[in-house]
Amino acid sequence: MHPIAKTSATGRPLLARLEKIALALPEAQKLLNHGRPSFAVNKKTFVMFMDNHHSDGRIAIWCKAPPGDQADMVETDPQRFFVPPYVGPRGWIGARLDVKPNWKTIESIVRESWRLTAPKRLLRSP
């Protein structure tokens, strides 16, 4: 069993903003995944919130990304985007929230991750 990770005072408002974005998506639910606040659809995680994961000093999200997007984003803006441990080799992208995030971009990344995770029946609904 994983211990529940603490969210810092700096991270709490960022998590609250992420929560509004993620929970606005159809059938999205908040849960703990490896002790971290996460969001899932159909019991499958599409975004994880990381606050100083293994003392990396970052407040970030990890999300699924379409093929090629991870490399493009990391190459284009390595200050904001990174290859996260564990899930990075599967194409997930890390996006920093503690480095003046562009919330429209964050929302787009979260929506795309949801789209890659959601069951087809939800993708067909308006």
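For this chain, numbers begin at 1 and follow the sequence in order. Here the structure is a predicted model, which means the values were calculated and not measured.
With values rounded to the nearest 0.5 angstrom, His53 atom NE2 is found 9.0 Å from His34 atom NE2. Atom OG1 of Thr10 is separated from atom CG of Asn52 by 10.5 Å, given to the nearest 0.5 angstrom. Rounded to the nearest 0.5 Å, atoms NZ (Lys64) and OG1 (Thr45) are 8.5 Å apart. Remark: Phe46 CZ to Arg111 CZ distance equals 10.0 Å, nearest 0.5 Å. Interatomic distance, Leu31 CG to Phe39 CZ, rounded to the nearest 0.5 Å: 8.5 Å. The distance from atom CD1 of Ile109 to atom CG of Asp69, rounded to the nearest 0.5 Å, is 9.0 Å.
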Note to self: Walk me through whether Trp114 and Leu123 qualify under side-chain contact (heavy atoms from CB on, under 4.5 Å).
What the structure shows: CA-CA 10 Å; Trp114 175 89; Leu123 299 178; 3.8 Å; yes

With side-chain contact (heavy atoms from CB on, under 4.5 Å) as the test, would you mind laying out the steps for Arg58 and Met50 before giving the verdict?
CA-CA 8 Å; Arg58 296 187 280 225; Met50 298 294 180; over 6 Å; no

Using the salt bridge (Lys or Arg N to Asp or Glu O under 4.0 Å) rule, take Arg121 and Glu27 through it: C-alpha gap first, then chi angles, then the decisive distance, then the call. CA-CA 11 Å; Arg121 68 177 169 75; Glu27 296 186 25; 2.9 Å; yes

Report task. Apply the test side-chain contact (heavy atoms from CB on, under 4.5 Å) to residues Val74 and Ile93: give CA-CA distance (whole Å), side-chain angles for both, the deciding distance (0.1 Å), then the verdict. Result -> CA-CA 8 Å; Val74 172; Ile93 186 72; 3.7 Å; yes

Item to complete: Give the intermediate values and the outcome of side-chain contact (heavy atoms from CB on, under 4.5 Å) for residues Ser8 and Ile59.
Response: CA-CA 9 Å; Ser8 67; Ile59 299 174; 3.9 Å; yes

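Nearest heavy-atom pair across Pro26 and Leu122 is O-CD1, 4.0 Å. Of all the heavy atoms in Leu116 and Ala65, the pair that sits closest is CD1-C, 3.5 Å. Closest approach of Val110 and Cys63 over heavy atoms only: CG2-SG, 4.2 Å. What you find for Arg96 and Ala60 is that their closest heavy atoms are CA-CB, 3.9 Å.
Side chains of Asp51 and Thr7: a donor-acceptor N/O pair is absent below 3.5 angstrom, by distance only.
Leu23 and Leu97 fall within a single hydrophobic cluster, where Ile, Leu, Val, Met, Phe, Trp and Tyr are joined by side-chain heavy atoms under 4.5 Å apart, directly or via other members. Leu25 and Met48 are members of different hydrophobic clusters when ILVMFWY side chains are connected at heavy-atom separations under 4.5 Å. Residues Val41 and Ile106 are members of one and the same hydrophobic cluster, defined by side-chain heavy-atom contacts under 4.5 angstrom among Ile, Leu, Val, Met, Phe, Trp and Tyr.
Salt bridge status for Lys104 with Glu107: absent, with no side-chain N to carboxylate O gap under 4.0 Å.
With hydrogens and angles ignored, the 3.5 Å screen pairs no side-chain donor or acceptor of Asn33 with any backbone N or O of Arg36.
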Could you list the donor-acceptor pairs under 3.5 angstrom formed by side chains in residues 79-88, with sequence neighbours left out?
residue: Arg80; atom: NE; partner: Val99; partner atom: O; Å: 3.1
residue: Arg80; atom: NE; partner: Lys100; partner atom: O; Å: 3.3
residue: Arg80; atom: NH1; partner: Asp77; partner atom: OD2; Å: 3.3
residue: Arg80; atom: NH2; partner: Lys100; partner atom: O; Å: 3.2
residue: Tyr86; atom: OH; partner: His54; partner atom: NE2; Å: 3.2

Mind listing the side-chain donor-acceptor pairs of residues 15-22 below 3.5 Å, one per line with the distance, residues two or more places apart or on another chain?
residue: Glu19; atom: OE1; partner: Lys30; partner atom: NZ; Å: 2.8

